**Q** 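Before I ask anything, here is the structure I am working with.
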There are 4 protein chains.
Amino acid sequence: MEFNSTQAIYLQIADHLCDRIQLGQLAPEEKVPSVRELAVTLEVNPNTVMRSYEHLQQQEVIYTKRGMGYFVGPDAVKKITAMRREQFLQEELPAFFRRMYLLGIELDELKGRFEKFRQKQPKH
Amino acid sequence: MEFNSTQAIYLQIADHLCDRIQLGQLAPEEKVPSVRELAVTLEVNPNTVMRSYEHLQQQEVIYTKRGMGYFVGPDAVKKITAMRREQFLQEELPAFFRRMYLLGIELDELKGRFEKFRQKQPKH
Amino acid sequence: MEFNSTQAIYLQIADHLCDRIQLGQLAPEEKVPSVRELAVTLEVNPNTVMRSYEHLQQQEVIYTKRGMGYFVGPDAVKKITAMRREQFLQEELPAFFRRMYLLGIELDELKGRFEKFRQKQPKH
Amino acid sequence: MEFNSTQAIYLQIADHLCDRIQLGQLAPEEKVPSVRELAVTLEVNPNTVMRSYEHLQQQEVIYTKRGMGYFVGPDAVKKITAMRREQFLQEELPAFFRRMYLLGIELDELKGRFEKFRQKQPKH
DNA sequence: GTGGTCTAGACCACC
DNA sequence: GTGGTCTAGACCACA
């Protein structure tokens, strides 16, 4: 996984985990990788992974069982979708429209690109 | 002007100036507000405005005449548009599509919103 | 390190670091001193060192790993040499020749001095 | 005349006047252009030219006759040459050698360039 | 008046 | 520990 430099790594990791949950790759009540394991996989400091998990736990997306690790919360999908939908409509969409407006891009121009994008997505 | 806390203030100022240039509110070769003046207007430290200007100068959007102030560069609009277009297509658009995909939103659903957005924009 | 007053301190620091990289005292991918550390060594404000590093980063001579420090870029030597060679041929050399011409100095007169200079340079 | 941005304009003007004196284009006791006249010619602020003249007067390269203007001092050539020679040997030459050393350039490589440079100089 | 540099000190996020 | 941002205030050079 590659990280961009504009956003904190721990947030990018958390985001990626949310993606996987939303896509059903991580099911509710399923155990998520251990902090150490994921740290090795992603080649980052364990502290950084820990922060991601704490962040997700605080949003009740995952929860911890002592000595057993972190697990996907029962309503994780619903919670993530709700948060992201809110975020999308309130912040991302207006910013996106503004950019399009300043660049003189029409919504119709994006149709072809969106189709192409969707075809590249793996089935799940 | 209000600043959000996720992005550095000096970048938000720079971005806002780019907006104004792109909208034609600041014409090429026109003088931009002096560092001190803008600092008072925005209620920030002059150093912070200075950083914005240095950042824009480095992108050749504005240039400086000694003892006279900063001025909008001749190709400022072209440069800004090129940079933003690149950024939009390479980064913002894919991220946006991904969000839509994960939220199950179709492009057509956005049409109405986009029209409404556009009508709110001031003429220039 | 002593600073002359005609050039900004942060540029002199940047220049000095380039010297050290070009001489191989700082190898590619090696960590450069932390901002605070170098500030103490040089007896300047951390902000001033920071500016040097930002300046070098922008030229892709060094790069930053978050929370870990600044590191010499992989092509640092090549980049520095290219920039300096350009600067030398386009600006320094003509200015130098002009001075010699106006002072009536011949190139041959400098030979002895150059030899003497070179012998004083430390090996590396 | 074009000004580079690294050195103060008034110093570049003063330097240029010294060049002309050294080349004999301005003879001892000859009147130098009036502040206003030179300001128009160079398209700079009269204050800037004034500063150049004050700077040169302080070095006894030119002197002023009230109501008549500035004139080249009797020993101007000698003074300029002495100052420049000193400056050249103490500062420019070591810096120049250092640059050559770091760039791996030999003195002999410059011979051809120097000849070419000299042939382009106008006779005087 | 203008930009530009520097210091001192604070606070934050990240690893 | 690391970089990064911001404020406050000073001083200088330049036009």
Side-chain angles (χ1 to χ4, degrees), chain A residues 3 5-13 39 42-52 54-55, chain B residues 3 5-14 31-39 42-57 62-71, chain C residues 3 5-13 31-39 42-57 62-71, chain D residues 3 5-13 35 39 42-52 54-55:
Chain A
F3 301 107
S5 59
T6 62
Q7 199 186 17
I9 290 176
Y10 84 94
L11 289 175
Q12 294 181 54
I13 294 173
L42 300 180
E43 296 178 312
V44 298
N45 192 300
N47 288 333
T48 307
V49 176
M50 193 61 189
R51 265 192 97 164
S52 302
E54 282 170 354
H55 185 246
Chain B
F3 301 108
S5 59
T6 62
Q7 198 186 19
I9 291 177
Y10 83 93
L11 289 176
Q12 295 181 53
I13 295 173
K31 186 178 181 302
V32 299
S34 83
V35 171
R36 287 163 170 83
E37 187 187 337
L38 190 54
L42 300 179
E43 296 179 311
V44 297
N45 190 288
N47 285 333
T48 305
V49 175
M50 191 64 179
R51 262 192 106 169
S52 303
Y53 282 8
E54 280 173 355
H55 185 247
L56 290 173
Q57 184 180 28
I62 61 178
Y63 65 95
T64 176
K65 288 190 208 166
R66 299 199 222 186
M68 308 199 59
Y70 279 95
F71 296 79
Chain C
F3 301 108
S5 60
T6 62
Q7 198 186 16
I9 291 177
Y10 82 94
L11 288 176
Q12 294 181 53
I13 294 173
K31 186 177 180 303
V32 300
S34 82
V35 171
R36 287 162 170 83
E37 189 187 338
L38 190 55
L42 300 179
E43 297 179 308
V44 298
N45 190 287
N47 285 332
T48 305
V49 175
M50 190 65 179
R51 263 192 105 168
S52 302
Y53 283 7
E54 281 172 353
H55 186 247
L56 290 173
Q57 183 180 27
I62 62 178
Y63 65 96
T64 175
K65 288 190 208 168
R66 300 195 220 193
M68 307 200 60
Y70 280 94
F71 296 79
Chain D
F3 302 106
S5 59
T6 61
Q7 198 186 16
I9 290 176
Y10 83 94
L11 288 176
Q12 294 181 53
I13 294 173
V35 170
L42 299 179
E43 296 179 313
V44 298
N45 191 299
N47 287 334
T48 307
V49 175
M50 194 59 189
R51 266 191 97 164
S52 302
E54 282 169 355
H55 185 246

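By convention in this document, chain letters (A, B, ...) are assigned in the order of the sequence lines, proteins followed by strands, and residues within each chain are numbered from 1. Keep in mind that what you see is a predicted model, and the values were worked out from it rather than measured.
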**Q** Mind checking whether B:Thr64 and B:Phe71 have side chains closer than 4.5 Å, heavy atoms only?
**A** no
**Q** A side-chain contact here means heavy atoms from C-beta on lying under 4.5 Å apart; do B:Leu38 and B:Val44 qualify?
**A** no
**Q** Closest nucleotide of DNA chain F for C:Tyr53 versus for B:Met68: which of these residues is on the 5' side?
**A** C:Tyr53
**Q** Please examine the side chains of A:Asn45 and A:Ile9, heavy atoms only from C-beta on, and report whether any two atoms are closer than 4.5 Å.
**A** no
**Q** Identify, between C:Pro46 and B:Val32, the residue whose nearest nucleotide on DNA chain E lies closer to the 5' end.
**A** B:Val32
**Q** Are any of the side-chain heavy atoms of C:Tyr53 and C:Pro33 separated by less than 4.5 Å?
**A** yes
**Q** Report the distance from atom CZ of B:Phe71 to atom C1' of E:dG3, rounded to the nearest whole Å.
**A** 11 Å
**Q** Rounding to an integer number of Å, can you tell me how far B:Gln7 CD sits from E:dA13 C1'?
**A** 16 Å
**Q** Starting from C1' on E:dG1, measure out to CG on D:Asn45 and report it in whole angstrom.
**A** 12 Å
**Q** Examine F:dT7: is either OP1 or OP2 under 4.0 Å from a nitrogen or oxygen in the side chain of B:Thr48? Give yes or no.
**A** yes
**Q** Please test B:Tyr10 against B:Asn47 for side chain to side chain contact (heavy atoms under 4.5 Å, CB included), starting from the C-alpha separation and ending with a verdict.
**A** CA-CA 9 Å; B:Tyr10 83 93; B:Asn47 285 333; over 6 Å; no
**Q** In this structure, how many angstroms lie between the C1' atom of E:dG3 and the CG atom of B:Leu56, rounded?
**A** 15 Å
**Q** State which of E:dT2, E:dC15, F:dT7 makes the closest approach to the side chain of A:Ile9.
**A** E:dC15
**Q** Does any donor-acceptor pair link the side chain of B:Asn47 with the base of F:dG9 at a separation under 3.5 Å?
**A** yes
**Q** Starting at atom CG of B:Leu38, determine the distance to atom C1' of F:dC6, rounded to an integer number of angstrom.
**A** 16 Å
**Q** Let's see if you can work this out: which of F:dT7, F:dG4, F:dC11 has an atom nearest to the side-chain heavy atoms of C:Met50?
**A** F:dG4
**Q** Does C:Arg36 contact F:dG1 through a side-chain donor or acceptor facing the base, at a distance under 3.5 Å?
**A** no
**Q** Tell me what A:Tyr10 touches on the nucleic acid: a base, only sugar-phosphate, or nothing, going by heavy atoms under 4.0 Å.
**A** sugar-phosphate
**Q** Quickly work out the C:Lys65 NZ to F:dG4 C1' distance and round it to whole Å.
**A** 18 Å
**Q** If you only use heavy atoms from C-beta on, which nucleotide in F:dC14, F:dG3, E:dT7 is closest to the side chain of D:Ala8?
**A** F:dC14
**Q** Given atom OH of B:Tyr63 and atom P of E:dT2, what is their separation to the nearest angstrom?
**A** 17 Å
**Q** If you assign each of D:Leu11 and C:Tyr70 to its closest nucleotide in DNA chain F, which residue comes earlier from the 5' end?
**A** C:Tyr70
**Q** Under 3.5 Å for both donor-acceptor distances, Watson-Crick or wobble: does E:dG4 have a partner, and if so which one?
**A** F:dC11
**Q** Rounded off to whole Å, could you give me the CD-to-P distance for the D:Glu43 and F:dA15 pair?
**A** 14 Å
**Q** Please confirm whether the shortest side-chain N or O distance from B:Arg51 to OP1 or OP2 of F:dT5 is below 4.0 Å.
**A** yes
**Q** Would you say that C:Glu54 contacts B:Arg51 through its side chain, given a criterion of any heavy-atom pair below 4.5 Å between the two side chains?
**A** yes
**Q** Return the nearest nucleotide to the side chain of B:Glu54; candidates are E:dG3, E:dT5, F:dT7.
**A** E:dT5
**Q** Of all the choices, E:dC15, F:dG4, F:dC6, which nucleotide is nearest to the side chain of C:Thr64 once you look at every atom?
**A** F:dG4
